[in-house]
Amino acid sequence: MTIHDNMPLSHHNSALILDNEKAICNIHATSIGTFSGILFDMDGTLIDSTNAIVKFWTSVGEKYNIDPRTILATSHGRRSIDVFKEIDPSNANWEYVSKMESQIPLKYGEDAIPIPGSQSLLAQVSNLRIPWGIVTSGTKPLVSGWLDILQLVHPSVLITAEAVQDGKPNPACYLLGQEKLGLNGKVLVVEDAPAGIKAGKKAGCKVLALATTHETEALWKAGADWVVEDLQSLRMEVCELGDGRRDVAIEILEDRTL
């Protein structure tokens with residue numbers, strides 16, 4: 001049975017997708033489609049460092065005599081350099097921000113945990129040789145520190161805050177991620193924040209949102225294509241396309257869609 005592009009996958013049970021090169025991929029009723037690569041956000045998507053970040057911004061607020069709640073209300077999913085542009089433009093530079101963020105995993109490492117399913121999913125993605133990367137609003141020292149402390153697989157493609165002129169919701173970071181993966185289209189973005197969802201959609205990607213840090217309504221409003229609880233909600237299957245090429249079919253486990 002051939003499924004055409006304009007036929008919703010949810011309308012098919014145990015169907016087979018066949019392309020012009022006769023690639024066969026088993027798709028189940030809960031499938032959200034096939035993709036050539038995956039780009040993950042970091043905080044709130046792969047790790048939960050909420051407590052660590054709250055402590056960090058609390059210390060910043062105390063230094064500048066600003067209510068930390070004011071900073072925390074808008075800081076998630078944004079680059080620290082953009083926050084500092086508002087509270088202290090004199091320190092809104094990469095040298096200062098990178099130094100500050102490099103200390104977060106060292107000082108507050110015990111306050112961060114992996115998002116449920118992230119360790120096993122990243123290991124599976126890597127073992128299956130699926131092109132993937134991390135696109136984050138954090139700096140390279142922050143991201144590398146968390147990956148090491150939480151023993152998560154390091155990606156071959158890492159797009160950090162320093163790599164783009166403007167942060168999320170500007171799509172530049174996800175466009176650069178696709179470029180670094182060598183892919184143009186058919187890339188799934190996995191996000192937890194409205195700003196990241198908007199960036200992924202503007203970059204032309206389908207976006208799967210995790211309801212780990214924001215209300216479900218906010219994720220749908222931002223434009224998410226699917227919303228699930230966490231990474232334990234997903235299952236993957238490799239689709240061999242021939243000539244060494246492969247896609248990955250992703251499905252949502254039953255009763256895990258929000």
For this session: For the residue pair K168 and C173, establish whether any side-chain heavy-atom pair is separated by less than 4.5 Å.
Result: yes
Exercise. Is there a donor-acceptor pair closer than 3.5 Å between any side-chain N or O of Q119 and the backbone N or O of L150?
Worked result: yes
For this session: Measure the CD1-OG1 distance between I87 and T70 for me, rounded to the nearest 0.5 Å.
Result: 10.5 Å
Exercise. What's the spacing between Q124 CD and L234 CG if we round to 0.5 Å?
Worked result: 10.0 Å
Problem set entry | Validation row: I130, F35 side chains within 4.5 angstrom (heavy atoms) | no
Problem set entry | side-chain contact (heavy atoms from CB on, under 4.5 Å) between E162 and V97, worked out | CA-CA 10 Å; E162 309 96 314; V97 171; over 6 Å; no
Problem set entry | Considering all heavy atoms, the nearest L253-Q232 contact | CD1-O, 3.4 Å
For this session: Nearest 0.5 Å please: distance from the CD1 atom of I81 over to the OG1 atom of T139.
Result: 10.0 Å
Problem set entry | S102 (side chain) donor-acceptor with K99 (main chain) under 3.5 angstrom | yes
Problem set entry | Side chain D225, main chain L208, donor-acceptor under 3.5 Å | no
For this session: Measure across K206 and L188 and return the closest heavy-atom pair with its distance rounded to 0.1 Å.
Result: O-CD1, 3.5 Å
Problem set entry | Short side-chain donor-acceptor distance under 3.5 Å, Y96 and D88 | no
For this session: Would you check if V228 and L210 make a side-chain contact, meaning some heavy-atom pair closer than 4.5 Å?
Result: yes
Exercise. Hey, what do you get for CD1 (I159) to NZ (K140), rounding to the nearest 0.5 Å?
Worked result: 10.5 Å
Problem set entry | Which atom of R78 lies closest to which atom of T74, heavy atoms considered | CD-O, 2.6 Å
Exercise. For the hydrophobic clusters of this structure (ILVMFWY residues joined by side-chain heavy atoms under 4.5 Å, transitively), does one cluster hold both I32 and M236?
Worked result: yes
Problem set entry | Hydrophobic cluster identity match, V153 and I250, side-chain contacts under 4.5 Å | yes
Exercise. Would you say I149 and Y108 make side-chain contact, with heavy atoms under 4.5 Å?
Worked result: no
Problem set entry | Heavy-atom check, side chain of L231 versus side chain of L46, under 4.5 Å | yes
Seminar exercise, completed: Output for pair (D230 CG, T45 OG1), nearest 0.5 Å, gives 11.0 Å
Problem set entry | Check against side-chain contact (heavy atoms from CB on, under 4.5 Å), V164 and N170 | CA-CA 9 Å; V164 293; N170 188 290; over 6 Å; no
Problem set entry | Side chain to side chain, L142 and T136, heavy atoms closer than 4.5 Å | no
Exercise. Between P155 and L147, is any pair of side-chain heavy atoms under 4.5 Å apart?
Worked result: yes
Exercise. How far apart are the C-alpha atoms of M100 and V60, what are their side-chain angles, what is the distance that settles it, and do they pass the side-chain contact (heavy atoms from CB on, under 4.5 Å) test?
Worked result: CA-CA 10 Å; M100 291 283 287; V60 171; 4.1 Å; yes
Problem set entry | Least distance between heavy atoms, S144 atom then H154 atom | O-CE1, 4.1 Å
For this session: Report the relative orientation of the aromatic rings in W57 and F84; use parallel for angles under 30°, tilted for 30 to 60°, perpendicular for over 60°.
Result: tilted
Exercise. Crowded around K85 NZ? As in, over 12 foreign heavy atoms under 6.0 Å?
Worked result: yes
Problem set entry | Smallest separation among heavy atoms of E191 and A193, with atom names | OE1-N, 3.5 Å
For this session: Indicate yes or no for a side-chain donor-acceptor contact from R246 to the backbone of L128 under 3.5 Å, with no hydrogens or angles considered.
Result: yes
Exercise. In terms of heavy-atom contacts, does CD of Q103 have more than 12 from other residues, nucleotides or ligands at under 6.0 Å?
Worked result: yes
Exercise. Do the side chains of V187 and L175 join up, straight or via other hydrophobic residues, at under 4.5 Å, putting them in one cluster?
Worked result: no
Seminar exercise, completed: Of T212, D48, V227, the one forming a side-chain contact (heavy atoms from CB on, under 4.5 Å) with D192 is T212
Exercise. Out of curiosity, does I113 fall in the hydrophobic cluster containing V143 (side-chain heavy atoms, cut-off under 4.5 Å, transitive links)?
Worked result: no
Exercise. Can L121 and F40 be said to form a side-chain contact (heavy atoms from CB on, under 4.5 Å), step by step?
Worked result: CA-CA 11 Å; L121 185 68; F40 296 92; 4.0 Å; yes
Exercise. Looking only at heavy atoms, what is the nearest atom pair of K198 and P169, with distance?
Worked result: CB-CB, 3.9 Å
Problem set entry | Neighbour count above 12 (heavy atom, 6.0 Å) for D67 CG | yes
Seminar exercise, completed: Rounded to the nearest 0.5 Å, the OG atom of S49 sits from the CZ atom of F56 at a distance of 11.0 Å
